[in-house]
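All values below were derived from every heavy atom in this structure, side-chain atoms included, with hydrogens, water molecules and symmetry-related copies excluded. Each residue takes its place number in the sequence, starting with 1.
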Amino acid sequence: MNPVSLLSEIISIPSLSGEENAVSDMLEAVLRESGLNPQRRENNLWCRSGSGPAILMDAHIDTVRPASGYTRNPFSPEIEDGKLFGLGSNDDGGSVVAMIEAYKRLISSPQPYTLVLSLSAEEETGGKNGLEAVLPEIEAAVGPIRFGLIGEPTSLQMATSEKGLMVLDCEAVGKSGHAARGEGINAIYEALPDIQWFRSWQFPDVSEDLGPVKMTVTQIAAGTQHNVVPDSCRFVVDVRSNACYSNEELLGIIRENVHCSVKPRSTRLQGTSIDKAHPAVQRGLSLGLKAFGSPTLSNRALCRFLTLKLGPGDSARSHTADEYICINDIEAAIDIYFKLLSGLSI
């Protein structure tokens, strides 16, 4: 099955994040028919070939739910003016089929490394039954991964760095009382200095590609009725790290500067970067690719080894109605993946 036909088949099978079983079944059968001997954990699939230090190619098979503005059937692939329309075509089906084809071409001749192809689940929701669950199994089989190529829509340019994410649940505590009597301690007023701190504080280390750490208060809740002084004010802070700090370092600095309680939902989605002197980046530059910093999160945040994000499609089309990918970009991605990794020494 050629890459465009395979992508059309993928689009036609709903694969919402956490519900990828049917598309995983189909892809497992396709990989077996190609003689690739896929392994499976939950809805994640992976194949390996070769020997020596390990390189990972990963793209995700899940999608978000269709946006409300769709004018086409999101699960009915349509080709029009060189574009393939359908949910997940751009994010991340184009990378999935391009990586499958590039993997087959790469392993057709000896490479100086073990190449692993990973088709992972639950990327869109950051679920723990995605790449994070299967990486230990892969590394138990092939040894520590030395380099990873993460397929995402980057307009076929190299995202050498990527912002991380940490969501904080904060609470300022006061004392309830009757509003008319001026009693109690208003938790909203207690929260205001901390909210202002989140708004104005600037972390000193700024990334060349990603800029500064960005903190945004995005939700707030307090009070039970108009005449009761609230004894609790809860608010949520979205923190986008810039690879200059780990999430744990940011959390420590935040707690030193605010009075409210601060509880992270997770610290595992780290900001990442790879030095432009890395052989893979240098190879990409020699192919005419450009390096940039990506504001969007991907499976790269789960990898504790050097990674590069690169794939067909435009990030601006991800999660939008009437999503599509240009068919020419898929073939171009296959060629770039092949040239980037062929004979690569790590």
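Judged by distance alone, with hydrogens and angles left aside, the side-chain atoms of Ser155 form no donor-acceptor pair with the main-chain N or O of Gln157 at under 3.5 Å. Checked by atom type and distance alone, the side chain of Asp92 never pairs as donor or acceptor with a backbone atom of Gly88 at under 3.5 Å. Between the side chain of Asp322 and the main chain of Thr71, a donor-acceptor pair closer than 3.5 Å is present. At least one donor-acceptor pair under 3.5 Å links the side chain of Tyr113 to the backbone N or O of Leu341. Formation of a donor-acceptor pair under 3.5 Å by the Glu28 side chain with backbone atoms of Arg40 is not found in this model. Judged by distance alone, the side chain of Asn247 and the main-chain N or O of Thr267 form a donor-acceptor pair under 3.5 Å. Under a 3.5 Å cut-off, the side chain of Asp194 and the backbone N or O of Ala191 do not form any donor-acceptor pair. A side-chain donor-acceptor contact under 3.5 Å links Ser89 to the backbone of Gly86. Side chain of Asn90 to backbone of Asp314: a donor-acceptor contact under 3.5 angstrom is found. Checked by atom type and distance alone, the side chain of Glu132 never pairs as donor or acceptor with a backbone atom of Gly130 at under 3.5 Å.
Applying the side-chain hydrogen bond (donor to acceptor under 3.5 Å, both in side chains) definition to pairs two or more places apart or across chains, those involving residues 337-346 are Asp335-Lys339.
Side chain to side chain, Asn227 and Gln225 meet the donor-acceptor criterion of an N or O pair below 3.5 Å. Using modelled atom types, one finds no donor on one side chain facing an acceptor on the other under 3.5 Å when comparing Ser294 with Glu162. A side-chain donor from one of Ser232 and Arg234 sits under 3.5 Å from a side-chain acceptor of the other.
Here Glu78 contributes atom CD and Ile11 contributes atom CD1; the two are 10.0 Å apart, rounded to the nearest 0.5 Å. Atom CG of Leu149 sits about 10.5 Å away from atom SG of Cys303, to the nearest 0.5 Å. The OG1 atom of Thr272 sits 9.5 Å away from the CG atom of Leu306 when rounded to the nearest 0.5 Å. Rounding to the nearest 0.5 Å places NZ of Lys214 at 14.0 Å from OG of Ser241. To the nearest 0.5 angstrom, Ser5 atom OG is 11.0 Å from Ile10 atom CD1. In this structure, Ser95 OG and Ile150 CD1 are separated by 10.0 Å, a value rounded to the nearest 0.5 Å.
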Apply side-chain hydrogen bond (donor to acceptor under 3.5 Å, both in side chains) to the pair Asp62 and Ser17, showing each step before the final yes or no. CA-CA 5 Å; Asp62 61 314; Ser17 196; 2.8 Å; yes
Show the numbers, then the answer: is there a side-chain hydrogen bond (donor to acceptor under 3.5 Å, both in side chains) between His60 and Glu122? CA-CA 8 Å; His60 67 89; Glu122 297 192 11; over 6 Å; no
Could you give me the CA-CA distance, side-chain angles and deciding distance for Glu124 and His319, then say whether side-chain contact (heavy atoms from CB on, under 4.5 Å) is met? CA-CA 10 Å; Glu124 294 290 4; His319 307 180; 3.1 Å; yes
Would Asp91 and Thr63 satisfy side-chain hydrogen bond (donor to acceptor under 3.5 Å, both in side chains), going step by step from the backbone distance to the final call? CA-CA 7 Å; Asp91 184 15; Thr63 72; over 6 Å; no
Is there a side-chain contact (heavy atoms from CB on, under 4.5 Å) between Asp209 and Lys276? Walk through the geometry before answering. CA-CA 11 Å; Asp209 293 328; Lys276 292 181 177 65; 2.9 Å; yes
Go through the steps for Glu101 and Leu6 under the test side-chain contact (heavy atoms from CB on, under 4.5 Å), then give the verdict. CA-CA 10 Å; Glu101 183 62 26; Leu6 178 57; over 6 Å; no
Determine, step by step, whether Asp238 and Thr216 satisfy the side-chain hydrogen bond (donor to acceptor under 3.5 Å, both in side chains) criterion, reporting the C-alpha distance in whole Å, the side-chain angles of both residues, the deciding distance to 0.1 Å, and the verdict. CA-CA 5 Å; Asp238 179 289; Thr216 308; 5.3 Å; no
Counting only pairs under 3.5 Å, give me each side-chain donor-acceptor contact of residues 46-54, with atom names and distances, residues two or more places apart or in other chains.
{"unit_1": "Trp46", "atom_1": "NE1", "unit_2": "Glu137", "atom_2": "OE2", "d": "3.0"}
{"unit_1": "Arg48", "atom_1": "NH1", "unit_2": "Ala141", "atom_2": "O", "d": "3.4"}

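A continuous path of ILVMFWY side-chain contacts below 4.5 Å connects Leu297 to Val236, so both sit in one hydrophobic cluster. Hydrophobic clustering (side-chain heavy atoms under 4.5 Å, transitive across Ile, Leu, Val, Met, Phe, Trp, Tyr) keeps Val229 apart from Ile220. The hydrophobic clustering, which links ILVMFWY residues whose side-chain heavy atoms are closer than 4.5 Å, places Leu135 and Leu117 apart. In the hydrophobic clustering of ILVMFWY residues, with side-chain heavy atoms under 4.5 Å counting as a link, Val116 and Ile100 come out apart. In terms of hydrophobic clustering, with Ile, Leu, Val, Met, Phe, Trp and Tyr side chains grouped at heavy-atom distances under 4.5 Å, Ile138 and Ile346 are assigned to different clusters.
Between Phe203 and Asn242, the closest side-chain pair of non-hydrogen atoms is not below 4.5 Å. In this structure, the side chains of Cys170 and Val258 stay at 4.5 Å or more apart for every pair of heavy atoms. Residues Glu9 and Ile13 form a side-chain contact, since some pair of their non-hydrogen atoms from C-beta on lies under 4.5 Å apart.
Checked options Ser120, Ser15, Ser24; the residue passing with Asn43 is Ser24 (criterion: side chain to side chain contact (heavy atoms under 4.5 Å, CB included)).
Cation-pi contact between Arg317 and Tyr324: present, with separation from the ring centre below 6.0 Å and deviation from the ring axis of at most 45°. Under the 6.0 Å distance and 45° angle rule, Arg105 does not count as a cation-pi partner of Phe338.
Applying the 6.0 Å contact sphere to CD of Glu249 captures more than 12 heavy atoms from other residues, nucleotides or ligands. Shown here is Arg304, whose CZ atom has more than 12 heavy atoms of other residues, nucleotides or ligands within 6.0 Å. Tyr189 OH: 12 or fewer foreign heavy atoms inside a 6.0 Å radius.
Aromatic ring centres of Phe147 and Phe305: separated by at least 6.0 Å.
Salt-bridge check for Lys83 with Glu80: failed, with every basic side-chain N at 4.0 Å or more from each acidic carboxylate O. Remark: Asp169 engages Arg265 in a salt bridge, criterion side-chain N to carboxylate O under 4.0 Å. The pair Arg65-Glu19 counts as a salt bridge, with a side-chain nitrogen and a carboxylate oxygen less than 4.0 angstrom apart.
In plain terms, the two heavy atoms of Leu87 and Pro66 that are nearest each other are CD2-CG, 3.8 Å. Across every non-hydrogen atom of Thr160 and Arg300, the tightest pair is O-NH2, 2.7 Å. In plain terms, the two heavy atoms of Ala98 and Ala333 that are nearest each other are CB-CB, 3.8 Å. Leu210 approaches Lys163 most closely through the heavy-atom pair O-CE, 3.1 Å. Taking both residues in full, the closest heavy atoms of Ser118 and Asp58 are given as OG-OD1, 2.8 Å, listed atom of the first, atom of the second, then distance. For Glu190 against Pro193, the heavy-atom pair with the smallest separation is O-CD, 3.4 Å.
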